[in-house]
Amino acid sequence: MIQHHPGEELLLTLAAGHLDSGPAVLVDAHVERCASCRAQWRQLQAIGGALIDDAEPALLETHALARTLERIDARDGTSNANGSIQRTITTPRPPLPNGAIWPRSLHGSTISRWRWMGPGMRWSRIELPHEPNASLHLLRIAPGRSLPIHSHDGIEFTQVLCGSFDDGRAVFGPGDFDAADGNVHHQPIVRDSGECVCLAYVSAPLKFDSKLAAVIGRWIGM
Ligand SMILES: [Zn+2]
């Protein structure tokens, strides 16, 4: 049962096509899996569509359509000069634990192999076709292991693909979404029930308490 959802403002930004590709991948991945957010997102899209129908063309943000098309391209392939869609050749992906499913929002992305970052902890870098520099990662953490204590200079979005963790604020399980900012100082600890794989987006490097963790964070790009 999904317990933690993106806020309405975030869903509205997504529905309006105004969310940057990096964070949009995570919110999309949540909406894909969460029936209640999907229903809310459809309503918000309908409201947005009605507003666009009523608006003067000149009032529309010129980049809104381009951004929406970019996101569709990113999901479904890439447009060539004639405007037709070429299916993206699927690149190899690292294996996931049993029961975990790749979100559709990662379609067309390049996803690196699993890399070691500490005992029982691995990471993978995700490059989006239209925003390759977005700080987007997969983290795969063994049961009982914890990430280093950290805070944030920007925002951190997390979408749980499988397993669960407890960061002292709450337990986040499969399908849960979390948004953390500079007010949150936490240490996610993976519960003993199984490996945890999360999608993670950060808008700015994390602020680690430990110097070693800061070095590893810089190496990974988080
Ligand atoms: Zn939800």
Side-chain angles (χ1 to χ4, degrees), residues 1-51 64 67-68 70-72 74-76 93 96-109 111 124 126 128 131 134-141 147 152 154-184 186-191 193-203 206 222:
M1 175 79 183
I2 295 173
Q3 306 276 2
H4 303 280
H5 309 265
E8 191 176 48
E9 199 180 326
L10 207 46
L11 285 178
L12 181 59
T13 313
L14 178 76
H18 289 174
L19 198 57
D20 286 341
S21 301
V25 162
L26 274 83
V27 183
D28 260 339
H30 178 86
V31 168
E32 178 185 334
R33 193 156 171 177
C34 175
S36 78
C37 284
R38 210 159 50 241
Q40 202 181 351
W41 176 78
R42 284 207 186 100
Q43 267 183 345
L44 292 168
Q45 267 210 323
I47 294 167
L51 290 175
R67 190 177 280 277
T68 302
E70 270 179 15
R71 293 209 16 239
I72 291 168
R75 278 185 197 164
D76 297 333
R93 291 176 168 186
L96 290 179
N98 284 341
I101 298 165
W102 289 109
R104 280 204 297 265
S105 58
L106 289 178
H107 188 90
S109 304
I111 305 172
S124 160
I126 298 171
L128 301 176
E131 215 170 311
S135 183
L136 204 59
H137 295 81
L138 280 165
L139 300 175
R140 181 173 184 171
I141 313 295
L147 288 171
H152 319 84
I155 53 157
E156 172 193 74
F157 288 167
T158 306
Q159 171 68 19
V160 183
L161 301 189
C162 69
S164 58
F165 69 86
D166 185 344
D167 74 344
R169 293 178 301 153
V171 173
F172 296 87
D176 277 336
F177 179 90
D178 181 41
D181 60 16
N183 295 316
V184 177
H186 63 166
Q187 179 172 37
I189 302 172
V190 171
R191 301 183 97 199
S193 45
E195 268 189 301
C196 184
V197 177
C198 292
L199 262 174
Y201 165 78
V202 291
S203 66
L206 298 176
M222 280 191 83

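Numbering of residues begins at 1 and proceeds along the displayed sequence. Note that ligands are numbered from 1 as they come in the structure, with each ligand's atoms numbered from 1 the same way.
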Indicate every side-chain donor-acceptor pair of residues 163-173 with a distance under 3.5 Å to a residue at least two apart or in another chain.
| unit_1 | atom_1 | unit_2 | atom_2 | d |
| --- | --- | --- | --- | --- |
| Asp166 | OD1 | Gly168 | N | 2.9 |
| Asp167 | OD1 | Arg169 | N | 3.0 |
| Asp167 | OD1 | Ala170 | N | 3.4 |
| Asp167 | OD2 | Arg169 | NE | 2.8 |
| Asp167 | OD2 | Arg169 | NH2 | 2.8 |
| Asp167 | OD2 | His186 | ND1 | 2.7 |
| Arg169 | NH2 | Asp178 | OD1 | 3.1 |
| Arg169 | NH2 | Asp178 | OD2 | 2.5 |

Once you measure the plane-to-plane angle for His30 and Phe177, does it fall in the parallel (<30°), tilted (30-60°) or perpendicular (>60°) bin?
perpendicular
Of all N, O or S atoms in His5, identify the one at the shortest distance from the Zn ion (ligand 1).
ND1
Does His4 put an N, O or S atom under 2.8 Å from the Zn ion (ligand 1)?
no
Looking only at N, O or S atoms, find the one in His30 nearest to the Zn ion (ligand 1) and name it.
NE2
Please name the pair of heavy atoms, one in Ser105 and one in Asp28, separated by the smallest distance, quoted to 0.1 Å.
CB-CB, 3.6 Å
Closest heavy-atom pair and its distance - Gln159, Gly175
NE2-O, 3.1 Å
